[in-house]
Chemist: 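Before I ask anything, let me first share the structure, which is written out below as structure tokens.
FYI, the numbering just counts along the sequence from 1.
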Amino acid sequence: MKNLKLYSETTLNLELLQQSHEESILFSALDIERNRLFFASSTNLIYTTHLSSFQNGRRISGQSRRLSAEASPLELEEGDFIAALDYLMEKEALLVGTQNGVLLLYSVDDNVTEVVGRVEGGVVRIAPSPDGDLLAIVSGFGQVLVMTPDWDLLYEFSLDEDPLDVSDPACMAGYSISWRGDGKYFATLSEDNNSSSLPRQKRVKVWERDSGALLATSDPKAFMGAVLEWMPSGAKIAAVYDRKAENQCPEVAFYERNGLFRNSFGINESVDATIQTLKWNCNSDLLASLVRCDKHQSIKIWVFSNNHWYLKHEIRYPLQDGVRFMWDPIKPLQLIAWTLGAQVTIYDFIWNTAVMGNSTALVIDDSKMLVTPLALSLMPPPLHLFSLKFSSAIRDVALYSNNSKNCVAAYLSDGSLSVVELPEPETWEELEGKEFVVEACKFDTVLGSFVHLAWLDSHILVGVSHYGFSHSNYISSSSPGDNGLLGFYLQEIEFVCSESHVPSLVTGSGWDAKVSHKKCLEEMVIGIVSNPVRKRSAFIQFYGGKILEYTSKLGLSAAGEGAKHNEMAFSSSCPWMGVALVSDSGALKPLLCGLDDIGRMLVGGKVLCNNCGSFTFYSNLADQVTTHLILTTKQDFLFIVDIDDILQGETEHKYENFVHTTKRRKDEENINFINVWERGAKIIGVLHGDDAAVIIQTTRGNLECIYPRKLVLASIINALVQKRFRDALILVRRHRIDFNVIVDHCGWQTFLLSASDFVKQVNNLSFITEFVCAIKNENIMDTLYKHHISLPCQKRAEHVQTTEGLDSNNKISSILLAIRKALEENVPESSARELCILTTLARSDPPALEEALERVKYIREMELLSTDDSKRASYPSAEEALKHLLWLSDSEAVFEAALGLYDLNLAAIVALNSQRDPKEFLPYLQELERMPGLIMRYNIDLRLRRVDKALKHIVSAGDAYYADCMSLLNKNPQLFPLALQLISDPAKRVQILEAWGDYLSDEKCFEEAATTYLCCSSLEKALKAYRDCGNWSGVLTVAGLLKLGKDKVMQLAQELCEELQALGRPGDAAKIALEYCQDVKNGISLLISAREWEEALRVAFMHMQEDLISEVKSASLECASTLISEYEEGLEKVGKYLTRFLAVRQRRLLLAAKLQSEERSINDLDDDTVSETSSNISGMSAYTTGTRKSFATSVGSGVSSKARDSRRQRNRGKIRAGSPGEEIALVEHLKSMSLTDGAKRELRSLLASLVMLGNEAIARKLQCVAENFQVSQMAAVKLADDAFSTDIINEHKYNLESYIQKTRTECQTLDALPWRSTVFISP
């Protein structure tokens, strides 16, 4: 599918010193290292020039076309002349062979000539080996001499048994020699002396380099001239058959190293044509030939693909020019040609594809254009749908495609221009296998030789052509005069067809053309593309990447050039150029993309990718706006790039500079690129719109079609946005996309509004059933396809949800309900519709099996009643509907749903159709059938665990089943509230309440149990429940309700006092002792134990007992002393723990930095080498917060797991030095050292009591120590939190003293430390 495009043509004229003596150029040689080009003339002059001169010659004003060169004469014997020339890289000199057999080594730099030898019979060929170690020379006597670079002869042999007449030039020119690319073998072409036919036949012989042994000989054939060329890769040896005797044109034949013939092809020229030269390029993929015809010479370039040789390009020269050529040794697509008159031209080619907007590919093959619509079939060339036949070989094409208008312009090697209008694509299948002849357009002026062509409109073409060169002169030789034009010109051409176009036929004749505008160019044009935004406009790229916009004035007057587009200019010349119509914030604009010869892709003046191999654009075809850029990289990755990402500058982040790094995990889905399975594959084109395919061609020539997930999803979303539900569903099924895309692309709430349209458009119940079965309660656009595509209308979902009042978690049921309603409203009644409705019920969440069985029951009743046959025909049979339901659902669930309808017959039918053994279900159904109706329903509800309904049925059954009702309540305590609503009998309600209270007591809910007991007047149980929960006031209150005696109340109070004291509630025990037991001493002791200092002092003074007052005073002083010691010790621990935390943190950060540097070095290696190592290193530091479980741990027993959990619970709060959790444990311990609310209340009460007892100094000291401790603890916690949130080590910043000072400043008010007394606060 690739064509060879000539994108740059630079022609310079070499100034000859002896033009008056008819000097001409005969031989050439190339110095690769220094880019020097040497020419030998007929007057024995050596011209030296540099290839850089052609770079400077890109400015083609036409006024200065001279090629500067240094000329040096060779001193030869009189009458002797140069017969062979080559450059020896090892000697850095030219090796010259003369007609008389003299071998000269000419040093260009020193201008020194050295005679290195003499060959009898004269020198015919000089052929250095590719590695430069050997040199082969063919003499006029047919001798082959192989020597070293030091001119030591290794061996020689004769190509012919009979000596030839040296005076005969034809005999001397009849020998040829060619080396294989690796230099191990060389081949020769010589006459077969055993042949008696005329002309004499020749043989191809293969020789071994080291010994000169003959390895293989071909069969004698009528070879043409001395044309022999061994492919550099070594696969083929090319020669030429002379087929004049058979009245056929010459053929290029190929031989293998063993001398066997492989294949051949004809050159499609006249019988008298001769092939003078064959040359392979350095990549061995292009074969160029020099063909001499009656009126011209032509350079033909061939390529081999899919077992077919294509003529991809032809350049014609006048016959008298005597053109010669050579391939650049290192640039496979650069060809250097020169004429006898010293005109030197460098041709730069590229491979490109000719694919129209409707995905029609055009392949050039000589004078034929093979037409293949990729949307219809992937036919690799030479296969094609139909072909277009032109008058001569095609050199360049321009394509135009807009809606149903498809035009092709072709520039031919004979200088003519042809235009074809193709039929509408819908009728192309009728053209299969046909060939249409295309006539040349009629012109009244000279067009010149075109290099670039592009359409501005369906009848306007713009192109770049040149005049005044040898190949230009050939083209204009039979045309009217060119008015002395010289150089390159930009021409605008208008076409008019005199024939009416038939939509189903090819229009290839009757085209008239005229040049409406012509402008001389001063710089080389690299490419032209039409502007999709502005009509009759095009972007022109000049050498260096400069971009100008050309706009036509509809042919009425000369068009303006347009201003330079700096934002579109490329930083270098881009032979591959394309333009896309994009939408930027709603405004349409062109996006110019270019690809240079080193793989840099430039977009909008910036480098997008540094390793691009090919690119193209994808459009959804709705508005012709490009949505994606598709490119391949030199690493054989196919990337799908959103245009929005390019416009917003997010490609570097999202696509990682289009380089596949080893940091990606192997299980991570490659969402941005596709690994192309064959090296060197290139993008041919795309199928736009819903087809969403990328066509690539491998190096072998076969075509492959890829459907990238990203493009497929984009086409589906585009169809859904346009409400084309059927097209979207077909795409989902074809590409195996999750059906939930249809409902999730804009939120499933939005889809509810379109459910009716969806059903109408799809109009296929099988498709709808498949869709229904795939709905799941998950938004796949946020999970599965999160990174593949951006959603266009997410905001509408929230609005719909608000207005409809739907449950956002009930996606499945809501969608299926909407589909079910749409089916009932828009689809006529039929068996298939009913089955689809059953599917929506069975797939609901939870499944609506009872409703589905109701529909089955309805169908069954119609069958039993023998209703109208027409109505029955629109429903499936009950058996079919039931089997469909059973296929979609669990048979046990359907059986239970049938029981839930209390229809035993239906349940029996379900059981039979679910292949269950009658012994399993029949006795149970028979037993139910014998029960009363309510009891039957009660038992069914119990089986189905519908206890609410079971309770209602058993209560309705009457008093005879009251025991069963109580048993049900005891087994299902959640039914007690419902039972109280259903039962109104007071006696039964008392029993239910007492049973409920017993249940609550068993569940340790004593407060609720006591309240329940009180409701049913069960005071003894209420007192016990209050006592069990420690509610002493409730116990004593209920004792009053029981009217217990004073002694029993006193005894009960003493028991409660002892119980509360044992439970650690001395404050409550003190109240009972003081209020009920009248025990003041014990009460004060309990208040002291409860640390209620003010209350103890109040009671002591109330009774005015000195011993009690002294006891309170002593206890308060002792407590103050203890607290002072504890706070001082706590202050010391805060500093100790914080110092340890900072040390552990510093070691962790240093170790983490070391591991990170090691991982960076590991990432430079291959994934397979370090995957296990990196996974084991991660998280294994003693100072990290993560944990790592080994494989053995993950499969350990549940007992060991429980044991580990219990150990962790016991060890929680312990700080183990060096453990993984030490750092966090230290922070948590610092936080746990803060004062509790109880400690704060105790401090405030103790401070007040000490002041009342006259111990002001102790109170002041206590407050000072406690304040220092709390401020230090708060500062340490703040410092630890700040340090833990960052990975920066800063000893000066994380200092405890500075944090204490800052915290103390913040705690100046009492609100921060509310327990403090103002009088004791230090100034």
Chemist: Measure the shortest side-chain to side-chain distance between Y550 and L490 over non-hydrogen atoms and say whether it is less than 4.5 angstrom.
Modeler: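 Side-chain contact under 4.5 Å: yes.
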
Chemist: Rounded to the nearest 0.5 Å, how far does CE of M577 lie from NE2 of H452?
Modeler: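 That separation rounds to 8.5 Å.
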
Chemist: Test side-chain contact (heavy atoms from CB on, under 4.5 Å) on W338 and M326; report intermediate values, then the result.
Modeler: CA-CA 9 Å; W338 67 93; M326 63 185 293; 3.9 Å; yes

Chemist: Step through it carefully: locate the ring centre of Y7, locate the ring centre of F349, and say whether they are under 6.0 Å apart.
Modeler: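 Distance test on ring centres: not under 6.0 Å, no.
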
Chemist: Is it true that a side-chain atom of S418 and a backbone atom of V438 form a donor plus acceptor pair closer than 3.5 Å?
Modeler: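 It does not hold such a pair.
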
Chemist: Could you list the residues that satisfy side chain to side chain contact (heavy atoms under 4.5 Å, CB included) with V496, not counting sequence neighbours?
Modeler: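 Result, side chain to side chain contact (heavy atoms under 4.5 Å, CB included) vs V496: none returned.
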
Chemist: Can you tell if the side chain of Y543 reaches within under 4.5 Å of the side chain of E523, non-hydrogen atoms only?
Modeler: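 No, side chains not in contact.
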
Chemist: What class does the angle between the rings of Y618 and H688 fall in, given that below 30° is parallel, 30 to 60° is tilted and above 60° is perpendicular?
Modeler: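 Plane angle under 30°, so parallel.
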
Chemist: With no hydrogens and no angle check, do the side chains of R324 and T277 hold a donor and an acceptor under 3.5 Å apart?
Modeler: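 There is no such pair between these side chains.
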
Chemist: Within the structure provided, determine whether E251 and I267 are in side-chain contact (heavy-atom separation under 4.5 Å).
Modeler: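 No. Closest side-chain heavy atoms not under 4.5 Å.
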
Chemist: For residues V355 and T360, determine if any side-chain heavy atom of one lies less than 4.5 Å from a side-chain heavy atom of the other.
Modeler: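 No, every pair of side-chain atoms sits at 4.5 Å or beyond.
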
Chemist: Has N702 got a side-chain atom pairing as donor or acceptor with N306's backbone, closer than 3.5 angstrom?
Modeler: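 It does not hold such a pair.
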
Chemist: Considering only heavy atoms from C-beta outward, does the side chain of L378 approach that of I695 to under 4.5 Å?
Modeler: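 Heavy-atom side-chain distance check passes, below 4.5 Å.
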
Chemist: Write down the atom of T10, the atom of M524, and the distance for their closest heavy-atom approach.
Modeler: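 The answer is OG1-CE, 3.6 Å.
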
Chemist: Nearest 0.5 Å, please: how far is CE in M231 from CG in N283?
Modeler: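 If I round to the nearest 0.5 Å, the distance is 11.0 Å.
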
Chemist: Among V529, N531, V603, find the residue that satisfies the side-chain contact (heavy atoms from CB on, under 4.5 Å) test when tested with L592.
Modeler: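 Testing each of V529, N531, V603 against L592, the sole residue satisfying side-chain contact (heavy atoms from CB on, under 4.5 Å) is V529.
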
Chemist: Look at the side chain of D596 and the backbone N and O of G599, then say whether any donor-acceptor pair between them is shorter than 3.5 Å.
Modeler: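 Here the side-chain-to-backbone pair exists.
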
Chemist: Taking side chain as C-beta onward, heavy atoms only, is P423 less than 4.5 Å from V502?
Modeler: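 Of all side-chain heavy-atom pairs linking V502 with P423, none is under 4.5 Å.
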
Chemist: Are S552 and E492 close enough that a side-chain donor and a side-chain acceptor fall under 3.5 Å?
Modeler: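 The answer is yes; a qualifying pair exists.
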
Chemist: Does this structure show an ion pair linking K535 with D457, if we count only N-O contacts that are shorter than 4.0 Å?
Modeler: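 D457 and K535: not salt-bridged.
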
Chemist: Locate the shortest heavy-atom distance separating A354 from L399; write the atom from each residue and the value.
Modeler: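 In terms of heavy atoms, the two residues are closest at C-CD1, 3.5 Å.
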
Chemist: Is atom NZ of K518 surrounded by more than 12 heavy atoms (other residues, nucleotides or ligands) closer than 6.0 Å?
Modeler: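 Enclosed: over 12 neighbouring heavy atoms sit under 6.0 Å from NZ of K518.
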
Chemist: Could you tell me whether a side-chain N or O of K312 sits under 3.5 Å from a main-chain N or O of I364, the two making a donor and an acceptor?
Modeler: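 Yes, because the side chain of K312 sits within donor-acceptor range (under 3.5 Å) of the backbone of I364.
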
Chemist: May I ask you to check whether E499 and T507 show a side-chain donor-acceptor distance below 3.5 Å?
Modeler: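 T507 and E499 do not have a side-chain donor-acceptor pair below 3.5 Å.
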
Chemist: Side-chain donor-acceptor pair under 3.5 Å between K389 and S367, yes or no?
Modeler: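 Yes - a donor-acceptor pair under 3.5 Å links their side chains.
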
Chemist: Might you work through the side-chain contact (heavy atoms from CB on, under 4.5 Å) test for Q334 and I346, ending with a clear yes or no?
Modeler: CA-CA 7 Å; Q334 186 175 93; I346 293 184; 3.6 Å; yes

Chemist: Using a 3.5 Å distance criterion without hydrogens, assess whether the side chain of T698 forms a donor-acceptor pair with backbone atoms of A681.
Modeler: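 Not a single qualifying donor-acceptor pair exists.
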
Chemist: Does some side-chain heavy atom of P381 sit less than 4.5 Å from a side-chain heavy atom of H308?
Modeler: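 H308 vs P381: side chains apart.
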
Chemist: For Q541 and C574, indicate whether the former's side chain and the latter's backbone hold a donor-acceptor pair under 3.5 Å.
Modeler: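 Yes; at least one donor-acceptor contact below 3.5 Å.
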
Chemist: Quick check: F488 with H466 (ring centres under 6.0 Å apart)?
Modeler: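 Yes; F488 has its ring centre under 6.0 Å from that of H466.
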
Chemist: W302 pairs by ring pair (Phe, Tyr, Trp, His ring centres under 6.0 Å) with which of F265, Y310, W280?
Modeler: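 Running ring pair (Phe, Tyr, Trp, His ring centres under 6.0 Å) over F265, Y310, W280 with W302 returns exactly one hit, F265.
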
Chemist: Can you tell me how far CG of L51 sits from CD1 of I336, rounded to the nearest 0.5 angstrom?
Modeler: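 Interatomic distance, I336 CD1 to L51 CG, rounded to 0.5 Å: 5.5 Å.
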
Chemist: Hey, mind stepping through D328 and I330 against side-chain contact (heavy atoms from CB on, under 4.5 Å) and telling me if it holds?
Modeler: CA-CA 6 Å; D328 189 288; I330 58 176; 3.2 Å; yes

Chemist: Can you give me the closest heavy-atom contact between L319 and D294, atom names plus distance?
Modeler: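 Closest approach of L319 to D294, heavy atoms only: CD2-O, 3.4 Å.
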
Chemist: Can you name the residues that form a salt bridge (charged side-chain N to carboxylate O under 4.0 Å, His left out) with E421, not counting sequence neighbours?
Modeler: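 With neighbours one apart ignored, the set is K405.
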
Chemist: What is the distance from atom CG of N13 to atom CD of Q343, rounded to the nearest 0.5 Å?
Modeler: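 Reported value, rounded in 0.5 Å steps: 5.0 Å.
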
Chemist: Nearest 0.5 Å please: distance from the CG atom of L385 over to the CH2 atom of W428.
Modeler: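 Reported to 0.5 Å precision, the distance equals 8.0 Å.
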
Chemist: Work out which heavy atom in L431 is nearest to a heavy atom in F386; give both atom names and the distance.
Modeler: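 Distance-wise, the nearest heavy atoms are O-CB, 3.3 Å.
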
Chemist: My understanding is that only residues two or more places apart in sequence, or in another chain, count here; which of them pass side chain to side chain contact (heavy atoms under 4.5 Å, CB included) with A288?
Modeler: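 I301, F325, W327, L335.
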
Chemist: Do N281 side-chain atoms and D285 backbone N/O form a donor-acceptor pair below 3.5 Å?
Modeler: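 It does hold such a pair.
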
Chemist: Report yes or no: do D414 and H296 form a side-chain donor-acceptor pair below 3.5 Å?
Modeler: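 D414 vs H296: no donor-acceptor pair found between side chains.
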
Chemist: May I ask you to check whether S465 and Q491 show a side-chain donor-acceptor distance below 3.5 Å?
Modeler: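 Side-chain D/A pair, S465 to Q491: present.
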
Chemist: Decide side-chain contact (heavy atoms from CB on, under 4.5 Å) for V363 and N3; before the verdict, give the C-alpha distance in whole Å, the side-chain angles of both, and the deciding distance to 0.1 Å.
Modeler: CA-CA 6 Å; V363 179; N3 298 321; 4.2 Å; yes

Chemist: Keeping the roles fixed (side chain from S614, backbone from I683), state whether a donor-acceptor pair exists under 3.5 Å.
Modeler: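 Pair found, side chain donor or acceptor close to backbone of I683.
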
Chemist: Write down the atom of K682, the atom of G613, and the distance for their closest heavy-atom approach.
Modeler: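 Looking at all heavy atoms of both residues, the shortest contact is NZ-O, 3.6 Å.
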
Chemist: Taking the side chain from T427 and the backbone from E424, do they hold a donor-acceptor pair closer than 3.5 Å?
Modeler: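 Indeed, once roles are kept as given, a pair shorter than 3.5 Å links the two residues.
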
Chemist: If you look at every heavy atom in V408 and L422, which pair is closest and at what distance?
Modeler: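 That would be CG2-CD1, 4.1 Å.
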
Chemist: Could you give the distance from OG (S413) to CZ (R395), rounded to the nearest 0.5 Å?
Modeler: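 One finds 7.5 Å between OG of S413 and CZ of R395.
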
Chemist: Do NZ/NE/NH1/NH2 and the carboxylate oxygens of E314 and K300 come within less than 4.0 Å?
Modeler: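 Here E314 pairs with K300 in a salt bridge, since their nearest N and O are under 4.0 Å apart.
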
Chemist: Ignoring hydrogens and angles, tell me if any N or O in the side chain of T353 forms a donor-acceptor pair with the backbone of I684 under 3.5 Å.
Modeler: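 The answer is yes, because a donor-acceptor pair under 3.5 Å joins these two groups.
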
Chemist: Answer whether the closest heavy-atom distance between the side chains of L453 and V397 falls below 4.5 Å.
Modeler: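 No, every pair of side-chain atoms sits at 4.5 Å or beyond.
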
Chemist: Under 3.5 Å, is there a donor-acceptor pair linking the side chains of Q697 and E704?
Modeler: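 There is no such pair between these side chains.
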
